[in-house]
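What follows is one structure encoded as structure tokens, with my remarks underneath.
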Amino acid sequence: MAVPERSLSDDAMLYGERRDKAQIELELYVLCQIINGFKWNPEKMGKWFWKSKVDKDLVILKNWIETNCN
């Protein structure tokens, strides 16, 4: 979960992964999966969005994956 930078410890600021890099890696991973033919499975992922069981702030909307889902 992303916390405000002012709340991070000195070690986290010095040795943690940069937020912009982590965001780019996640977005590129999703894009690569779409390009490789990823299909939305409503039984596993839900009708409109998928929410991670590990990180509750990680949500992927179906319309990000399939453009003609409305």
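Given the structure is predicted, the values throughout are model-derived calculations rather than measurements.
Annotation: side chain to side chain donor-acceptor pair (under 3.5 Å) contacts involving residues 44-54, sequence neighbours excluded, are absent. Listed by first then second residue, pairs satisfying salt bridge (charged side-chain N to carboxylate O under 4.0 Å, His left out) with a partner in residues 33-42 number zero, not counting sequence neighbours.
Once rounded to the nearest 0.5 Å, the distance linking CG of L28 with CD1 of I24 reads 7.0 Å. Atom-to-atom distance recorded for K62:NZ and N41:CG is 10.0 Å, nearest 0.5 angstrom.
For CG of D10, the number of neighbouring non-hydrogen atoms (other residues, nucleotides, ligands) closer than 6.0 Å is 12 at most.
L26 and F49 end up in the same hydrophobic cluster when Ile, Leu, Val, Met, Phe, Trp and Tyr side chains are linked at under 4.5 Å. Linking ILVMFWY residues whenever their side-chain heavy atoms come closer than 4.5 Å, directly or via other members, places W64 and V59 in the same cluster.
The side-chain contact (heavy atoms from CB on, under 4.5 Å) search around I34 returns V30, I65, not counting sequence neighbours. Judged as a side-chain contact (heavy atoms from CB on, under 4.5 Å), and not counting sequence neighbours, the contacts of A12 are L8, S9. Remark: E27 pairs with Q23 by the side-chain contact (heavy atoms from CB on, under 4.5 Å) rule, at least two apart or across chains. Under the side-chain contact (heavy atoms from CB on, under 4.5 Å) criterion, E25 pairs with E17, K21, sequence neighbours left out.
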